[in-house]
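Just the heavy atoms: all of them, side chains too, but no hydrogens, waters or symmetry mates, feed the values below. Every chain is numbered from 1 and lettered A, B, ... according to where its sequence line falls, protein lines coming before strand lines.
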2 protein chains.
Amino acid sequence: METTTDTREALLDAAEGLFAEHGIQASSLRAITQQAGANLAAVHYHFGSKEGLVKAVFSRRIGPLNLERLRRLSESTGEVEEVLRAFIEPVFEMKREAPEGSRQFARLMGRSFSEPSEDVRAIMTEELGPMFRRFVEALACRLPHLSEPEILWRFHFVAGAMAHTISCGYLLEAYSKGACHAGDPEEALEHLVTFLAAGLRAPAVHREGERT
Amino acid sequence: METTTDTREALLDAAEGLFAEHGIQASSLRAITQQAGANLAAVHYHFGSKEGLVKAVFSRRIGPLNLERLRRLSESTGEVEEVLRAFIEPVFEMKREAPEGSRQFARLMGRSFSEPSEDVRAIMTEELGPMFRRFVEALACRLPHLSEPEILWRFHFVAGAMAHTISCGYLLEAYSKGACHAGDPEEALEHLVTFLAAGLRAPAVHREGERT
DNA sequence: GTCTATATAGCGATAGAC
DNA sequence: GTCTATCGCTATATAGAC
């Protein structure tokens with residue numbers, strides 16, 4: 001167990017937490033190294049630059065997250081609801097058990113879809129693409145009345161509703177005055193799956209082959 | 001027509017565009033004043049601080065946007081689809097016609113739900129709250145099988161899918177390889193309304209009065 | 001109302017000792 | 001691998017002339 005690894009991991013944990021709470025831009029390397037109990041220069045030694053640190057924060061979690069999603073997808077029996085659970089549950093699991101810091105990562109990722117930074121957008125597009133396509137294929141088998149573009153649109157809405165639930169729960173809490181518990185994974189999952197499964201099963205907007 | 005007003009509006013337009021493209025934090029007052037053809041000190045004269053400018057950028061558009069939503073809601077005949085169109089269409093309209101700069105505002109607002117800044121969150125919560133509640137009431141009449149918390153959850157998903165569509169269209173474009181046109185308001189609206197109306201009409205998760 | 005000049009602070013990055 | 005010290009730059013904000 002080298003001390004290198006400890007510092008590296010401490011930096012990743014600190015960055016993850018601060019990125020989730022205050023945003024990437026607003027988290028200075030000084031704040032990150034202070035929280036990690038490390039030196040400012042350590043970031044450049046281990047990651048080369050702030051951008052390198054950002055990429056490392058994402059890739060540490062997205063790989064395992066997507067593997068878990070695909071594992072659950074391959075075990076699912078065929079219901080649209082099960083496909084949705086395979087996609088959504090692993091994210092909520094991160095908030096529950098969590099190897100310590102990954103609790104925060106869900107919030108970070110929920111918000112990072114809409115990050116203006118080209119670097120972050122490239123990370124999201126590349127890291128999520130293959131997983132996304134596998135889920136679209138799985139849904140295509142279960143929703144034969146829909147063309148592939150329609151399934152893409154609808155899975156886009158699935159991702160949007162999930163991301164919004166994770167990163168904008170404060171709105172639901174404020175408007176429901178305590179009646180909805182946006183931070184409760186079970187409650188959120190139940191409502192998400194019911195709503196989204198019905199949306200996915202809706203009749204096709206266009207008949208197969210029809211043009212817009 | 002005072003020159004004051006021109007400078008003030010030019011600053012708001014420039015800020016709106018840069019906030020939408022690069023984010024609020026990443027847009028410096030120097031870049032904003034340069035694009036507006038104004039002096040750096042003008043921001044502090046007209047708005048007091050960057051935070052004052054941010055608030056002014058949002059409140060200039062959200063009021064009229066919400067009035068248009070409520071106008072359409074009051075004219076709707078009763079279909080769930082019409083309620084959804086009253087909520088969504090005015091945002092897409094901003095991208096089309098637009099008094100010049102408001103094209104960009106939709107992108108900015110779609111992303112600002114998940115902004116980490118407490119100031120921005122407060123703006124979103126306060127400015128959208130009354131409109132949000134009116135739409136939830138309207139849906140409650142049309143979906144009598146759902147309790148109020150369930151309607152709140154579902155309308156939260158509606159907002160999430162819409163915000164994601166507006167601000168994360170780059171993902172759909174990338175994954176569909178040109179088959180889906182995330183930037184086309186007509187296409188997006190059609191798919192959104194079909195999907196979301198079916199989600200709203202889904203059977204209740206809990207029977208009335210039941211506890212989680 | 002608009003300008004220049006500047007105060008004050010923070011940023012990411014790097015060189016070089018240990 | 002870790003540290004101190006520092007470079008070069010940019011940020012928001014303000015004072016005071018015009």
Rounded (10°) bend between the five-pair end axes of the helix from C/dG1-D/dC18 to C/dC18-D/dG1: 0°
Rounded interatomic separation in angstrom, taking OH from A/Tyr45 and C1' from D/dG1: 5 Å
Partners passing side chain to side chain donor-acceptor pair (under 3.5 Å) against B/Glu81 (at least two apart in sequence or in another chain): B/Arg201
Ring geometry between B/Phe105 and B/Phe58 (parallel below 30°, tilted from 30 to 60°, perpendicular above 60°): perpendicular
Short side-chain N/O contact to C/dT2 OP1/OP2 from B/Thr7, under 4.0 Å: yes
Pairs touching residues 154-170 of chain B that satisfy salt bridge (Lys or Arg N to Asp or Glu O under 4.0 Å), sequence neighbours left out: B/Glu150-B/Arg154
Contacts of type ring-ring contact (aromatic ring centres under 6.0 Å, His included), residue B/His156, not counting sequence neighbours: A/His164
Side chain to side chain donor-acceptor pair (under 3.5 Å) partners of residues 123-137 of chain B, not counting sequence neighbours, each pair once: none
Interatomic distance, A/Ile32 CD1 vs C/dG10 P [rounded to whole Å]: 16 Å
Length of the line joining A/Gln34:CD and D/dT2:P, which is rounded to integer Å: 18 Å
B/His22 NE2 to D/dA11 P, straight-line distance once rounded to whole Å: 12 Å
Per-nucleotide protein contact string for nucleotides 11-18 of chain C (B base, S sugar-phosphate only, - none; heavy atom under 4.0 Å): BBBB----
OP1 or OP2 of D/dT4 under 4.0 Å from side-chain N/O of A/Asn39: yes
ring-ring contact (aromatic ring centres under 6.0 Å, His included) against B/Tyr175, all qualifying residues, sequence neighbours excluded: A/Phe132
Pairs meeting criterion salt bridge (Lys or Arg N to Asp or Glu O under 4.0 Å) with involvement of residues 35-58 of chain A, two or more places apart: A/Glu51-A/Lys55
Sequence neighbours excluded, every pair satisfying side chain to side chain donor-acceptor pair (under 3.5 Å) that has a member inside residues 31-43 of chain B: none
